Amino acid sequence: MSASTDSSAGHPVLVVGAGPAGLSAALALRAAGLPAVVLERRTEGAVRPGSRAAYLHGASLRELERLSPGLGHEVAGRGLLWATKRSYWAGEEIYARTYPQTARGGLPHFTSLPQVITEDLMVAACRMQGVTFHWDVEVASARSTAEGVLLTDSAGREWRSDYVVAADGSRSVLRAACGSPLEGPRSPNTFVVVDLEDDPEHHPMPIERTFHYRHPDLGGRNVLTLPFAGGWRVDVNLRVDDDPMRFLSPEGLRRWIPRVLPEAYGERVRWVSTYRFAQQVAADFTDAHRRILLTGEASHLFAPFGARGMNSSIPDAVRAVGAVLQALEAGRDRAAAGAAVSRFAQERKEAALYNRACAGSALDHMLARSPSLWLRQRAAAAVATVGRRAGEWLDSAPYGPKLTARGAARSSY
Ligand SMILES: O=C(O)CCc1cccc(O)c1
């Protein structure tokens, strides 16, 4: 079916965006027996660099497995399950924990792999489930009315649907159409992220996630190293007055990487990026007519610490599709249909606000701007080798609070 013929027909639902949120929405639609049509501005198979969201929680793997049997296991099989996490304070180890092995045949409690591999596996699962993709379709504008949504792409074609699951990323055109800005702060300082290609044969490293507070060889900056399938991510917490270029330039990379990893890794850089620690949530997750449902980065932006971005995109998408199904079933009962979408918007905004608070607490901890927190951290580091709880606190705090029973009930991820 060509895009032009398909575009003129009306659809019950269109999904905009083929990232983790859009692909999850497409799988959820197929699992419910509805047609799933995805519009994506990228060209099919276009390769994007970088590991991006490189960490999937067990809850996400279980959800993918439910949406398309075999998918969760496939993603887990391609990922890396590092067994140990370790924290250091100014050169001293203060905490280590090794996880038990996953039971045979079960899904692991997390996996680390580049986002693009996860997406490739999800696209393959979507094809198997009969999802229709329209690549190279860039939605340029959207108009929602009480009757439905009209999308216009950059080639001037029009796409009509009753509902749109918007998964078109942080610069979402659909969010703009909802008149719903992202609200919330970004960190004053920059974080530098570097992907390094693994070299297990010549330069093996223990497969462990480490967080180093006040790294003595990097001027006291915090440094995370995270292994993932095929490589390593290094995430450096710069100071407010640091010039990121000093860390990003080829000379800069060759200078500082050997201070935190075996020297050869200075030559194994595959991707470099920077970010500000975002804690941003859309004002509303839907439009005035309750026809557009915002998911993933169209509705929230979180820093990678805690892995709340991609992992919350999946339940966003699943809940959005659940709401669309209820709305379609409600048919002409406009009030019931609108109420189903409103419940989605409220529930996922609440989850995003919880994640935002978690991201904020992780950032506070890393910046330690208040004298009392700074003192508590120093005291905890001083006793961490004898008092395990102090080390545990320092180890977990950079990722934000764990899911509480209340948070889990609100499906915060
Ligand atoms: O371990 C996590 O929370 C997810 C992976 C991660 C953590 C911190 C920084 C980063 O760039 C990735």
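As the structure is a prediction and not an experimental result, all values here were calculated from the model. Residue indices begin at 1 and follow the sequence shown. Every number for a ligand or one of its atoms is a count from 1 in the order of the listing.
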> So is Leu224 close enough to ligand 1, meaning a heavy atom under 4.0 angstrom away?
Replying inline: yes
> atom 5 (C) of ligand 1: which protein heavy atom is closest, and how many Å away?
Replying inline: Leu226 CD2, 3.7 Å
> How close does the nearest protein non-hydrogen atom get to atom 12 (C) of ligand 1, and which residue and atom is it?
Replying inline: Arg233 NH1, 3.6 Å
> Is Lys85 salt-bridged to Asp395, going by a charged N under 4.0 Å from an acidic O?
Replying inline: yes
>> One thing to verify: whether Arg48 and Glu119 come together as a salt bridge, which I'm taking to mean a side-chain N less than 4.0 angstrom from a carboxylate O.
In response: yes
>> Can you tell whether the side chains of Asp195 and Arg270 come within less than 4.0 Å, N to carboxylate O?
In response: no
>> Tell me whether Arg127 is salt-bridged to Glu44, with the criterion being a basic N under 4.0 Å from an acidic carboxylate O.
In response: yes
> What protein heavy atom sits nearest atom 3 (O) of ligand 1, and how far off is it?
Replying inline: Gly306 N, 2.9 Å
>> Can you report which non-hydrogen protein atom sits closest to atom 6 (C) of ligand 1, along with the distance?
In response: Pro304 O, 3.8 Å
> For atom CD of Glu263, is the number of surrounding heavy atoms from other residues, nucleotides or ligands below 6.0 Å larger than 12?
Replying inline: no
>> Heavy-atom pairs closer than 4.0 Å: do any link ligand 1 to the side chain of Phe305, the backbone, both, or neither?
In response: both
> Tell me, which protein residue and heavy-atom name are nearest atom 11 (O) of ligand 1, and how many Å apart are they?
Replying inline: Asp235 OD2, 2.7 Å
>> For the backbone of Phe344 and the side chain of Arg319, can you confirm whether one donor and one acceptor N or O come within less than 3.5 Å of each other?
In response: no
> So which protein heavy atom does atom 1 (O) of ligand 1 come closest to, and at what separation?
Replying inline: Arg209 NH1, 2.6 Å
